[in-house]
Amino acid sequence: MSTSTPDWTTETIPIAGVGMQLTRAGDGPPLLILHHDIGTLPRLPFYDELARRFTVLVPSHLGYDGSQRPEWMRNVRDLAAAHQWLLSELPITRAAQTVSIVGLGFGGWVAAEMATQAPRAFRKLVLVGAMGIKPDRAVIADQALVSYIDYVRMGFSDQAAFDRLFGADPETSRLEHWDLNREMSFRIAWKPYMYNASLPHLLGGVATPTLVVWGRDDRIVPLECGERYAKTLPRARLEIVEGAGHFVEMEKPSELAKLVTNFVSQGDA
Amino acid sequence: MHLMYFTEQPMSAYPEAEGRDFGATALMFSNRHFDPAAGSRLYNEYLDHYRLAENVGFDGIMLNEHHNAPFCMQAKCNVFASILAATTRRVKIVLLGNPLPLTDNPVRLAEELAMIDMVSGGRLVSGFVRGGGQEQLATGVNPAYNRERFEEAHDLIVRAWTQPGPFRWEGTHYQHRVVNPWAVPLQKPHPRVWIPGVLSKETIIWAAKKRYPYIALSTAIDATKKIWELYDQVANEAGYAGGPEYRGYLQRCHIAETEEKALENARQFMWMQGEFTGLAHPVWSTPSGYFSPSIRTQFVEYAVGRRSNPRGSSFEDQIKSQMIVAGTPKTVIPKLRRLLEETRPSIVGFWAADGFVSSADTRTCIRLLGEEVLPALREIGKELGLWSPFEANAPVSMNFPDSAAPAVERAASRQPVEVS
């Protein structure tokens, strides 16, 4: 595995009347990473590690992270369909059974919707702290009731990790960024909040081998949702990462990258 | 002039310390602190004050509603409007107003308002609002579509009032197979619509484009002047001249027999200025997508405690800027003259008391307003040419430019229900 820093490029691809920002690096099999409801930092060590083995594709969800807002978009399935569209635009991802998806939190929900829409299209699926399923015993933490900073901090097991990434007291520009992403999440996932009641009924048809990963200390999406995903998806197993909250890729990047790499590479010649 | 009486219907009968300990008296401040026995007493006191206001000469009674907060007990302004429709005989019932985005069925709202208009004999003024930020959360309505829902619900209601049914409505937020409410308003083409607001330019522009009077809610005089500059500019572009008949103002105004007493009671306006200061919760009052994108920076900073509420200011500042007026009739009239001279509204609401002001003091305030202040203001209004939409026969809206005042089809010969 190379240790050099991958060369990241960003382009804008027209999707559904707006531009989807796509950041990419590396070569090897294509790996689509779908980001959280809070958006993503443009670069993360987690992305770098994966780009040493894969062609890593990190699109911005339409309307997130400063990308153009699709005024018409009203639910998460719309967003899943937009990502399907992206995959059909890129030469490297057009063929069936070539792309693997890593969905982080909210992005995990999007990935699960994509898998139900196209149950045989993907090579592997990794869902990390995925939203999308209604918990029985608790609720998905509602960002509408807490400040931008409190919400993101809630997603970390170790607050020092938050401080390293965003600063102990994030700049106002960061808050505005989170506010725009929050508004977009409200536009498509307000009610019911962060789940789709029909999703569990459709997961049974997904043929894609799936790794479900949960941070032991996830305070945003209860672990029971991970258990439910692992139980409902026909070819899934659950891995729990100790010492991580909801943002596993930011708190335990190497550990998660290793889990993803091993799982996605299994079965390679 | 059109002179109205207003109260927020404060629910002061709850343990204050609990509110301070919790850190906010809104949305999630538990309703176990609500005392229904006190609530019953207060609702009836407020009804008593409304009837007194009619008796001492007010032209209108202004009603509003809020949710999940003790600063306003009125959870549905149509309920009080219905009561007043039957128990008053002369005053306009001015709803400022129904929060349109909170409704999932604007047709039902159109029916309720038509009923109120008929029962009152055509005395309804039907204002509409967006609802406060926290109320989107209290009712589970998406704050990001607040303005879309406001505009669409408005369009549907006006159509339900004015176009004979049945028709079908296929909108973005509302879909109705059949719109054909049996009850329609008595006033034609439809009851007047007035639009209250505090800050959002978008609302001022929208109201001016519709040719609806805009009611500035207790803004400082300079800010109010800026509102009218914008309104008049949009009005000019729309092909009509703005002016007093399109201008309303809600004045916090407490009057007592002595200056000291008036000032002491006026301090209660700070008790809780709605969700705008004090014990508002910065996150709940400004959900993402609710506020104007032009002030995003200010609100995100407010939400994490980096700046004070962009809408708030101190009692002393508010006395100085006349956002709060207090005194005896003799000292208050010159201040109100200044308001009228500088901002030229024809519609003025008097927010007479708040918080812990006693029912007796509130009654004194209402009586002194009616007996001494309102007659003086009417003279000033004549002198300054401040003709209300009713006096000026202003059109109901841009869509009905020739309508003049809404004609009451058949003003029912009726007596108000006697309430002991």
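Naming: A, B, ... by sequence-line order, numbering from 1 per chain. It should be emphasised that the depicted structure is a prediction, and the values quoted were computed from it without experimental measurement. Basis for what follows: all heavy atoms, side chains included, without hydrogens, waters or symmetry-related copies.
- Taking the six-membered ring for Trp and the full ring otherwise, A:Phe247 and A:Phe162 have centroids separated by 6.0 Å or more.
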Go through chain B and chain A and list any donor-acceptor pairs closer than 3.5 Å, backbone and side chains both.
{"from": "B:Gly140", "atom 1": "O", "to": "A:Trp190", "atom 2": "NE1", "distance (Å)": "2.9"}
{"from": "B:Gly140", "atom 1": "O", "to": "A:Lys191", "atom 2": "NZ", "distance (Å)": "3.2"}
{"from": "B:Asn142", "atom 1": "ND2", "to": "A:Phe186", "atom 2": "O", "distance (Å)": "2.7"}
{"from": "B:Tyr145", "atom 1": "OH", "to": "A:Arg74", "atom 2": "NE", "distance (Å)": "3.2"}
{"from": "B:Tyr145", "atom 1": "OH", "to": "A:Arg187", "atom 2": "O", "distance (Å)": "2.8"}
{"from": "B:Glu148", "atom 1": "OE1", "to": "A:Arg74", "atom 2": "NH1", "distance (Å)": "3.2"}
{"from": "B:Glu148", "atom 1": "OE1", "to": "A:Arg74", "atom 2": "NH2", "distance (Å)": "3.4"}
{"from": "B:Glu148", "atom 1": "OE2", "to": "A:Arg74", "atom 2": "NH2", "distance (Å)": "3.4"}
{"from": "B:Trp284", "atom 1": "NE1", "to": "A:Leu145", "atom 2": "O", "distance (Å)": "3.0"}
{"from": "B:Ser288", "atom 1": "OG", "to": "A:Asp179", "atom 2": "OD1", "distance (Å)": "2.5"}
{"from": "B:Arg296", "atom 1": "NH1", "to": "A:Asp179", "atom 2": "OD2", "distance (Å)": "2.4"}
{"from": "B:Arg296", "atom 1": "NH1", "to": "A:Glu183", "atom 2": "OE1", "distance (Å)": "3.2"}
{"from": "B:Arg296", "atom 1": "NH2", "to": "A:Glu183", "atom 2": "OE1", "distance (Å)": "3.1"}
{"from": "B:Thr297", "atom 1": "OG1", "to": "A:Glu176", "atom 2": "OE1", "distance (Å)": "3.1"}
{"from": "B:Thr297", "atom 1": "OG1", "to": "A:Glu176", "atom 2": "OE2", "distance (Å)": "3.2"}
{"from": "B:Glu301", "atom 1": "OE2", "to": "A:Thr172", "atom 2": "OG1", "distance (Å)": "2.7"}
{"from": "B:Arg306", "atom 1": "NH1", "to": "A:Pro170", "atom 2": "O", "distance (Å)": "3.0"}
{"from": "B:Arg306", "atom 1": "NH1", "to": "A:Thr172", "atom 2": "OG1", "distance (Å)": "3.3"}
{"from": "B:Arg306", "atom 1": "NH2", "to": "A:Asp169", "atom 2": "OD1", "distance (Å)": "2.9"}
{"from": "B:Arg306", "atom 1": "NH2", "to": "A:Pro170", "atom 2": "O", "distance (Å)": "2.5"}

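- The shortest distance between side-chain heavy atoms of A:Phe106 and A:Leu79 falls below 4.5 Å.
- A:Met154 CE: more than 12 foreign heavy atoms inside a 6.0 Å radius.
- The side-chain contact (heavy atoms from CB on, under 4.5 Å) test applied to B:Lys209 returns B:Ile205, B:Val234, not counting sequence neighbours.
- Interface check for chain A: of the options B:Ala144, B:Pro282, B:Pro287, B:Gly140, the most heavy-atom pairs under 4.5 Å are formed by B:Gly140.
- The side-chain contact (heavy atoms from CB on, under 4.5 Å) test applied to B:Pro36 returns B:Phe34, not counting sequence neighbours.
- In this view, B:Asn399 satisfies the side chain to side chain donor-acceptor pair (under 3.5 Å) rule with no residue, not counting sequence neighbours.
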